[in-house]
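Beneath this line is the structure, given in structure tokens, with notes to follow.
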Amino acid sequence: MDYENLSPADKAKELERTAANCSPEEIARIYARLGELEYSSRALGIACRFRGVDCVRALVGRGANFFAPLTNYMVQTYGSYGDDL
């Protein structure tokens, strides 16, 4: 997959899928290939709630955080009000 040319919303979706289904090593590798993400809250929430500390550590180690400003752009692009989980 050509991770670098994905839209910001598609990058976030791919990270969410990765956080839900892949090993911590794969999470770190795919996150690195995705490059900079403007929204990682949902993926981090999935890892916190369902995957465990190793997956959380893999995401946080690459820059994932819960920062999701409540703006029209965020709602329109990600369908997120910042309190999904």
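Heavy-atom basis, side chains included; hydrogens, waters and symmetry copies ignored.
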Quiz item: Quick one: salt bridge (Lys or Arg N to Asp or Glu O under 4.0 Å) pairs with a partner in residues 52-73, sequence neighbours left out?
Solution: Asp54-Arg57

Exercise. Examine distances only and state if a side-chain atom of Arg51 and a backbone atom of Ile46 form a donor-acceptor pair shorter than 3.5 Å.
Key: no

Quiz item: side chain to side chain contact (heavy atoms under 4.5 Å, CB included) between Leu59 and Ser40: does it pass, once the steps are laid out?
Solution: CA-CA 9 Å; Leu59 288 166; Ser40 57; over 6 Å; no

Quiz prompt | Distance-minimising heavy-atom pair for Pro24 and Ala58 | solution = O-CB, 3.4 Å

Quiz prompt | Distance-minimising heavy-atom pair for Tyr39 and Ala12 | solution = O-CB, 3.6 Å

Quiz prompt | Check ion pair Lys11-Glu14 (N to O, under 4.0 angstrom) | solution = no

Quiz item: What closest approach, in Å, do Phe67 and Ser41 show between heavy atoms, and which atom pair accounts for it?
Solution: O-OG, 3.6 Å

Quiz item: Going from CG on Asp2 to CG on Asp10, what distance comes out if it is rounded to the nearest 0.5 angstrom?
Solution: 11.5 Å

Self-check item: Closest non-hydrogen atom pair between Cys22 and Arg17, with its separation
Solution: SG-NH1, 4.3 Å

Exercise. Please assess Leu15 against Ile30 for the test side chain to side chain contact (heavy atoms under 4.5 Å, CB included), listing each intermediate value before the final yes or no.
Key: CA-CA 8 Å; Leu15 186 62; Ile30 291 171; 5.7 Å; no

Exercise. Find out if a path of hydrophobic residues (ILVMFWY) with successive side-chain heavy-atom gaps under 4.5 Å connects Leu34 to Phe66.
Key: yes

Self-check item: Non-hydrogen side-chain atoms of Tyr31 and Thr18 separated by less than 4.5 Å
Solution: no

